[in-house]
Amino acid sequence: MRDTASLPSWLLLRGIRGLGDATYCRLIQAFGSPDAVLRASREELLTVGQVTSSLAQAIRQGPDDAAKRAVDEELKSLEALGISVIALS
């Protein structure tokens, strides 16, 4: 990860139900960033291997409210503890 401002989108993308690790990595490779994945159209998402119609729809809808709350809490905890996150991309 190149900047901490993009951390929320990394975590939000992980909050998509049905999105496994391998497909998560394929999407990041295909689109270049979690923000780009979250902005992609359904048709664009379907061009990536392992992305089904239902998964593309889930990505377009974004994570549910519980996942968003969990991301917010995680970010607050990281900040409070002074923890920096490094993601290999």
(message) Return the OG to CG distance between Ser6 and Leu12, rounded to the nearest 0.5 Å.
(response) 11.5 Å
(request) Taking the side chain as every heavy atom from C-beta outward, state whether Ile28 and Pro34 have any pair of such atoms under 4.5 Å apart. (result) yes
(request) State whether the side chain of Thr23 and the backbone N or O of Gly20 hold a donor-acceptor pair below 3.5 Å, judged by distance alone. (result) no
(request) Check the pair Trp10, Val85 against side-chain contact (heavy atoms from CB on, under 4.5 Å), reporting the backbone distance first and the verdict last. (result) CA-CA 11 Å; Trp10 283 87; Val85 176; over 6 Å; no
(request) Identify the two heavy atoms, one from Ser9 and one from Asp35, that lie closest to each other, and give their separation to 0.1 Å. (result) CB-OD1, 3.0 Å
(message) On a heavy-atom basis, which atom in Tyr24 and which in Leu19 lie closest, and how many Å separate them?
(response) N-CD1, 3.7 Å
(request) Please round to the nearest 0.5 Å and tell me the distance separating atom CZ of Arg39 and atom CD of Glu44. (result) 10.0 Å
(message) If you define the side chain from C-beta out and look only at heavy atoms, does anything of Ile16 sit under 4.5 Å from Leu55?
(response) yes
(message) Nearest 0.5 Å, please: how far is CD in Glu43 from OG1 in Thr47?
(response) 10.0 Å
(request) Please report the C-alpha distance between Arg14 and Asp21 in whole Å, then the side-chain angles of each, then the deciding distance to 0.1 Å, and finally whether the salt bridge (charged side-chain N to carboxylate O under 4.0 Å, His left out) criterion is met. (result) CA-CA 9 Å; Arg14 282 304 290 146; Asp21 294 337; 2.7 Å; yes
Got a list of side-chain donor-acceptor pairs under 3.5 Å for residues 56-65, not counting sequence neighbours?
unit_1 : atom_1 : unit_2 : atom_2 : d
Arg60  : NE     : Ala40  : O      : 3.4
Arg60  : NH1    : Leu38  : O      : 3.4
Arg60  : NH1    : Ala40  : O      : 2.9
Asp64  : OD1    : Ala66  : N      : 3.3
Asp64  : OD1    : Ala67  : N      : 2.8
Asp64  : OD2    : Arg17  : NE     : 3.0
Asp64  : OD2    : Arg17  : NH2    : 2.8

(message) Measuring from atom CG of Leu75 to atom CD of Glu79, what distance do you get when rounded to the nearest 0.5 angstrom?
(response) 8.5 Å
(message) I'd like to check Glu73 versus Leu78 (side-chain heavy atoms, cut-off strictly below 4.5 Å). Are they in contact?
(response) no
(message) Using every non-hydrogen atom in the two residues, find where Leu45 and Leu27 come nearest and quote the distance to one decimal.
(response) CD2-CD2, 3.9 Å
